[in-house]
Amino acid sequence: MRRESISQVKLTFQNVIVDVTELVKVSIILLLLATGVALLSRRLRIPYVTGLVLAGLPITELLSRPIGLNPTLVLNLFLPILIFEAGINTDVSRLRSTFKPIALLAGPGAVLSSGIIAVLLKFGLGLSWIPALFVGVILANTDTVSMIAVFKEIPVPSRLSTIVEGETLFNDAAALVSFNLVLQVYSTGSLTFLEGIQQLLFISLGGCLVGLVLGYLCIPVFARLDDPLSSLLLTVAVALGTFQVGQFLGVSGAVAVVIAGLIFGNLGLSGNTSASNRITLLSFWEYASFTVNTFIFLLIGVEINLVTLWKTLPAILLAVLAFQVGRVLTVYPLLAVVRWIDRPIPPRWQHLLFLGNIKGSLSMALALSLPTTLPRREVLIAIVFGCVLVSLVGQGLSLPWVVKHLKLSKFSEVQQQVEELQAQLMTGKAAQDELDSLLKSGVLPKAVYEEMRSAYQVRIAGAEKTLRELYNRRPDEVEGRSGKSSKLEAIRRRLLLAEKGALNEAMRKRILSEEIVRGRIQTLDEQLLKLEDD
């Protein structure tokens, strides 16, 4: 009996070694393929993620065993990494200035779009309500990795970029919350409107609370870690652990990771962290996000079966039409409301927000997470996969052309010169701050400090002089005045937002009365509305 047990243990251990070896081989193939895609996509000028999906379609034939997109892996590992990386790189001040359109699109917009898609699919494909709602929630989710990749290559107004990134940040969380609510209805058989609202608030606000607590708790620990590698381990633990704690407590882990990432990126990294530590952390998370996206989009291509999609093509086309209709009926009406509560969103921006309605990894992971007892589950999965393929290839390939055609990229020679001078100013001042820190800590002798600081001061003075001359030129002397004007207005906007923040803080501390503060804030809001979009 004991010999049989030992034999079974040996056999299990051998199987594990074989699985690990096979996993390493598969990873090498995928990495080499991704490298080839990166080279070809740059030469052919197609989005990297679209190239990955196309390259993944025939890869199954090259592998000795089938691989695919594991929903558990996506939801518990890949998603927290992507959300946390986006959170630490998001400026809260810019997010706050564009919060109203983001909240409308990621909140009511996602719910309304889900309902429209569900209704169209119910009557168009003859689905029952629960399967239709599942697909509606899945296809209402917008994966804007492709859009952000395009924005890195083609400059667009920073407010538009912030709206897109902000919607992505909260849209994933909204999709998971909505999916769990529909899953609860399917499991229990009933859920009243009041119970649904209570569940929604509990899951969302509970996720916010978990993210706030864990985000703030990690900051003092992070401040005591001088070693960048130890700090890096802490951030990984916070990203993955926050999601798991949220899920364990029955609240939204995605919302918790969003909040924790925002707190850590805007408070933890902006403290006494050295420049080298900050660069190490941000570089690691950029690489982690890039690697995760690479594997996800390759595996999307691997997971898609073209034969199955061909058989369900009419249903896929109807679903594509449904989620585009849902996007049209949410983006334009909701953003029309924005003009009454915030700066209006230009029509060209609205067109891009509609046309960039791309589906991605989370949609596929949620489709694979559908209950096994759900009627016509395989058909629903094929429909979602088909929609992801159509949106990634069709809209992904056309997105750079759309940005250029809508003339959203306005990067004149003057604007380029201004940004180069601003970069010179920022880098010079950052280096001077680091020199001050080195002198204070005793690392640098005073004589060397003064010599190096004066060299940077010469650079800073030259940049400041040239910038002052550019800003003081007469409008008719400068070609591309809009670039210079938008830069100044972006600075004015930051100053006005700083004034609003100071007034709100003074009211919170009871330094100023609410009546005085409200009047001043109303004046500042009127000045903000008069500024052009940056």
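Hydrogens, waters and symmetry mates play no part in the numbers below; they use all other heavy atoms, side chains included. Position 1 is the first residue of the sequence, and the numbers go up from there.
In terms of modelled atom types and a separation under 3.5 Å, the side chain of K100 and the main chain of I341 share a donor-acceptor contact. Between the side chain of E167 and the backbone N or O of A106, no donor-acceptor pair lies under 3.5 Å. Of the possible polar contacts, none joining the S113 side chain to the G109 backbone as a donor-acceptor pair under 3.5 Å is found. Listed for the R377 side chain is a donor-acceptor partner under 3.5 Å among the backbone atoms of L370. The backbone N or O of A315 sits nowhere less than 3.5 Å from a side-chain atom of T312 that would complete a donor-acceptor pair. Remark: side-chain polar atoms of Q350 are not paired, donor with acceptor, to backbone N or O of V331 under 3.5 angstrom. At distances below 3.5 Å, at least one donor-acceptor pair connects side-chain atoms of N171 with backbone N or O atoms of T142. Checked by atom type and distance alone, the side chain of T330 pairs as donor or acceptor with a backbone atom of R327 at under 3.5 Å.
Of the inter-residue distances, the one linking S187 atom OG with I130 atom CD1 reads 9.5 Å to the nearest 0.5 angstrom. From L79, atom CG reaches atom CG of L73 across 11.0 Å, with rounding to the nearest 0.5 Å.
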| task | Apply the test side-chain contact (heavy atoms from CB on, under 4.5 Å) to residues F264 and I259: give CA-CA distance (whole Å), side-chain angles for both, the deciding distance (0.1 Å), then the verdict. | result | CA-CA 9 Å; F264 186 83; I259 301 300; over 6 Å; no
| task | Dump the intermediate steps for side-chain contact (heavy atoms from CB on, under 4.5 Å) on L112 and L329, then the final yes or no. | result | CA-CA 8 Å; L112 181 60; L329 296 179; 5.7 Å; no
| So N76 and Q244, side chain to side chain donor-acceptor pair (under 3.5 Å) or not? Walk me through it. | CA-CA 8 Å; N76 291 279; Q244 294 301 322; 2.9 Å; yes
| said: L392 vs F297, test: side-chain contact (heavy atoms from CB on, under 4.5 Å). Steps then yes/no. | reply: CA-CA 10 Å; L392 279 171; F297 285 100; 3.7 Å; yes
| query | L133 and S114: side-chain contact (heavy atoms from CB on, under 4.5 Å), yes or no, with the steps? | reply | CA-CA 7 Å; L133 283 171; S114 301; over 6 Å; no
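A salt bridge is defined here as a Lys NZ or Arg NE, NH1 or NH2 lying under 4.0 Å from an Asp or Glu carboxylate O, and K311 with E378 fails to meet this definition.
Between L232 and L281 the shortest heavy-atom distance is CA-CD2, 3.5 Å. In terms of heavy-atom proximity, P131 sits nearest to S128 at CD-OG, 2.9 Å. A pairwise comparison of heavy atoms in P101 and L335 identifies CB-CD2, 4.1 Å as the closest pair. For Q395 against L355, the heavy-atom pair with the smallest separation is NE2-O, 2.8 Å. Closest approach of L298 and A55 over heavy atoms only: CD2-CB, 4.5 Å. Here the shortest heavy-atom pairing between L249 and F202 reads O-CZ, 4.3 Å.
Aromatic ring centres of F78 and F295: separated by at least 6.0 Å.
For the residue pair N180 and Q184, no side-chain donor N or O sits within less than 3.5 Å of a side-chain acceptor on the partner.
Between W129 and F123, the ring planes are perpendicular. Angles over 60° get that label, and only those under 30° would be called parallel. Between Y186 and F134, the ring planes are perpendicular. Angles over 60° get that label, and only those under 30° would be called parallel. Ring geometry, F99 versus F170: the interplanar angle exceeds 60°, so the pair is classed perpendicular (tilted spans 30 to 60°).
In this structure the side chain of P80 never reaches within 4.5 angstrom of the side chain of T242, judged on heavy atoms.
Screening F284, W285, F243 for a ring-ring contact (aromatic ring centres under 6.0 Å, His included) involving F84 leaves a single residue, W285.
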